[in-house]
Amino acid sequence: MGIWKVFTSILILNLFWSKPISSNSLSSAELSEIPTNFLNYAKKPELVKWMVDVRRRIHENPELGFEEFETSKLIRNELDKMGIAYKHPIAVTGVVGMIGTGKPPFVAIRADMDALAMQESVEWEHKSKAPGKMHACGHDAHVAMLLGAAKILQDHRHELKGTVILVFQPAEEGAGGAKKMVEDGVLDNIDAIFGLHVSADLPIGSVASRAGALLAGCGFFEAVISGKGGHAAIPQHTIDPIVAASSVIVSLQHLVSREADPLDSQVVTVGKFQGGGAFNVIPDSVTIGGTFRAFSTESFKQLKKRIEEVIKAQAAVQRCHATVDFHPENKIFFPVTANNKVLHKHFENVAGDMLGTANVKNMQPLMGSEDFSFYSEVIPAYFSFIGMKNETLGEFPSVHSPYFTINEDVLPYGAALHASLASRYLLEFESKSHIFDEKIRDEL
């Protein structure tokens, strides 16, 4: 209980020291100045240098999902230096900090911490020191930007009308860290949450998103198709699982081309085919695996149902038997990442004030997935992409490439956007919290 006494004491002191300003006391011109002021603040050389250093330290020591112990320790050390209260551990390695009054409204900003299981191929001073592990999706930059936002907000904490929750989340890459964070109560009493992701396709100083479905729901499947092996020269004495698996794969493609509404984007992809090891031997079994994606819950459920039916039926046509597993290697389903329409307008206003309306792009949905979707299932949520493309620096490889790199010029933009979205939300939105008696938030 000791840590909670300290945590509550800090919040009580904040209540006495802070003098939250009312949105009614600010003109629209004054509100619009907040993002530009925060961006100028984030671009201070000393703050940029600090964010770059944080990002590089994380990049050198990548950790996989639910193993981000050193990354979590680094985050906590930086929060300690800033005097920001936090709770740890949440969802094994997660950290949740708090800035502001400790009272409603509560708004959250999130960064993911985990790396990918791949070998870095970029030769530079801060290359990964962990063999077979690499920050190839920008999560190191995401953490640095959220810490930068924490610095901005902490230095302006007396101007916050409410409380900003900092969510440092583990295990985004397939393990569903966001789901675990939700289960551990991170979203309790929070009105809205924002997240962002770096993009090599957008120019530096620009952002992109959309209202509604942004990223697809994602599932995985693995099937074992069993037959009867034997010599390739006498197939009549065998039951060939390779032929059966081939028929399955072709039929799975028909689920999208022949059964799905052409206006309802869906994908079924088989990326795994394992079976046999000799040129003249028909194996006893074949294993195939893949992913399926859709932009609605109904379409997703229908795809899942039909994938199992097709695999089993096509295997049976070829006299084989099939078993289907929708959670191979403990993979979980990701829901659709859907952006709240009201928050979309908020995002356009804030980002437009910071970057100019011409640099706020409306994008088409992507078939990629994000476990930020678990947040958007529970509360109003908003996810966006922030550009880091610079033609003078050459082409940036796509995410999940062993050659992926970060344009570190993006760091102040991300930090300022995080801070601006959160602070403006507190000023412009009335609380929807169910803590109607406005008790101090002494638990997360």
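Heavy-atom basis, side chains included; hydrogens, waters and symmetry copies ignored. Along the sequence shown, residues carry numbers from 1.
- Applying the side-chain hydrogen bond (donor to acceptor under 3.5 Å, both in side chains) test to E259 and every residue at least two apart in sequence or in another chain returns R306.
- A salt bridge is defined here as a Lys NZ or Arg NE, NH1 or NH2 lying under 4.0 Å from an Asp or Glu carboxylate O, and K133 with E63 fails to meet this definition.
- In summary, D80 and R76 do not engage in a salt bridge, as defined by a charged side-chain N under 4.0 Å from a carboxylate O.
- Between F333 and H327, the distance from one ring center to the other falls under 6.0 angstrom.
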Working for salt bridge (charged side-chain N to carboxylate O under 4.0 Å, His left out), residues K305 and E298: CA-CA 11 Å; K305 175 175 176 288; E298 294 74 17; over 6 Å; no
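- In terms of modelled atom types and a separation under 3.5 Å, the side chain of S199 and the main chain of F385 share no donor-acceptor contact.
- For H139 and F168, the ring centers are positioned 6.0 Å apart or more.
- The environment of OH in Y403 is sparse: at most 12 heavy-atom neighbours from other residues, nucleotides or ligands sit within 6.0 Å.
- For an aromatic pair to be called close, the ring centres must be under 6.0 Å apart, and F38 with Y41 fails this.
- Not a single donor-acceptor pair under 3.5 Å links the side chain of S206 to the backbone N or O of L202.
- Counting heavy atoms from C-beta outward, Y382 and T337 have side chains that stay 4.5 Å or more apart.
- R110 contributes no side-chain N or O that, together with a main-chain N or O of F194, makes up a donor-acceptor pair within less than 3.5 Å.
- A side-chain hydrogen bond (donor to acceptor under 3.5 Å, both in side chains) with D53 is found for exactly one of K49, R56, R57, namely R57.
- Residues T238 and D240 bring no donor and acceptor atom of their side chains to less than 3.5 Å of each other.
- Judged purely by atom type and a 3.5 angstrom limit, S72 uses its side chain to pair as donor or acceptor with the backbone of T93.
- No donor-acceptor pair closer than 3.5 Å links the side chain of S299 to the backbone N or O of F295.
- Figure legend: cation-pi geometry between K304 and F221 absent, as NZ or CZ is not positioned both under 6.0 Å from the six-membered ring centre and within 45° of its axis.
- With salt bridges taken as basic N to acidic carboxylate O contacts below 4.0 Å, none links E70 and K129.
- Residues H135 and E120 bring no donor and acceptor atom of their side chains to less than 3.5 Å of each other.
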Steps toward ring-ring contact (aromatic ring centres under 6.0 Å, His included) verdict (F334, F374): CA-CA 7 Å; F334 284 11; F374 288 105; 5.7 Å; yes
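- Between K180 and D371, no side-chain nitrogen of the basic residue sits less than 4.0 Å from a carboxylate oxygen of the acidic one, so the salt-bridge criterion is not met.
- For the pair E222 and K272, the salt-bridge criterion is met [side-chain N within less than 4.0 Å of a carboxylate O].
- In this structure K301 satisfies the side-chain contact (heavy atoms from CB on, under 4.5 Å) test together with T297, sequence neighbours excluded.
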